[in-house]
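Below you'll find the structure, written out as structure tokens, and then a few comments.
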Amino acid sequence: YVPDLTEFDAGLGPFGGDWNDKISSIDMGRCWCQVWEDINEQGSSLSFSDDKAELDSIGWNDRISGIWFPFIG
């Protein structure tokens, strides 16, 4: 659970910065996820249970500021 992607910078390597408004696709693996447009579960939200290669196709490219992805056993 990452309620504020402005404070999460893991995995960006040479790109630096944080993950806020930088997610353009979702690969689900063994989980489902809930995303929010604003930090701390604010603003519009969506749930995903399948991969979404291009979030732009649903108007969510680079809009995610919070995410929750519990693993499915």
Side-chain angles (χ1 to χ4, degrees):
Y1 174 61
V2 183
D4 184 353
L5 288 172
T6 64
E7 297 186 10
F8 188 76
D9 61 2
L12 285 176
F15 301 106
D18 58 56
W19 279 96
N20 186 52
D21 295 338
K22 290 187 176 132
I23 297 173
S24 59
S25 66
I26 293 179
D27 185 4
M28 296 310 300
R30 290 180 25 156
C31 64
W32 65 276
C33 76
Q34 178 83 28
V35 299
W36 291 270
E37 182 176 23
D38 300 322
I39 64 170
N40 299 318
E41 300 179 26
Q42 299 296 306
S44 298
S45 68
L46 286 175
S47 293
F48 295 93
S49 58
D50 296 313
D51 295 349
K52 191 69 177 166
E54 294 183 28
L55 290 174
D56 190 42
S57 66
I58 60 170
W60 272 75
N61 190 53
D62 297 339
R63 285 179 55 189
I64 297 172
S65 296
I67 191 167
W68 180 46
F69 42 93
F71 285 97
I72 299 171

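Only heavy atoms go into these numbers, but all of them, side chains included; no hydrogens, no water, no symmetry mates. Keep in mind it's a predicted model, so treat the numbers as computed, not measured.
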Q) Is the shortest heavy-atom distance from the side chain of Leu46 to the side chain of Ile58 under 4.5 Å? A) yes
So how far is it from [X] [atom1] to [Y] [atom2], rounded to the nearest 0.5 Å?
X     : Y     : atom1 : atom2 : answer
Asp18 : Asp4  : CG    : CG    : 8.0 Å
Ile64 : Ile39 : CD1   : CD1   : 15.0 Å
Lys22 : Phe8  : NZ    : CZ    : 12.5 Å

Quick check: closest heavy atoms across [X] and [Y], and the distance to 0.1 Å?
X     : Y     : answer
Phe69 : Cys31 : CB-SG, 4.0 Å
Gly17 : Asp9  : O-CB, 2.9 Å
Val35 : Ile26 : CG1-CD1, 4.4 Å
Ile67 : Leu5  : CG2-CD2, 4.3 Å

Q. With hydrophobic residues grouped by side-chain heavy-atom distances under 4.5 Å, do Trp36 and Val2 end up in a single group?
A. yes
Q.
Does Leu55 form a side chain to side chain contact (heavy atoms under 4.5 Å, CB included) with Phe48? I'd like the steps, not just the answer.
A. CA-CA 11 Å; Leu55 290 174; Phe48 295 93; 3.7 Å; yes
Q: Could you walk me through whether Asp38 and Ser65 pass the side chain to side chain donor-acceptor pair (under 3.5 Å) test, one step at a time?
A: CA-CA 5 Å; Asp38 300 322; Ser65 296; 5.2 Å; no
Q. Between Asp62 and Ser24, do the side chains contain an N or O donor and an N or O acceptor separated by less than 3.5 Å?
A. no
**Q.** Donor-acceptor under 3.5 Å (Trp19 side chain, Ala10 main chain)
**A.** yes
Q) Under the 3.5 angstrom rule, does the side chain of Asp51 hit a backbone N or O of Met28 as a donor-acceptor pair? A) yes
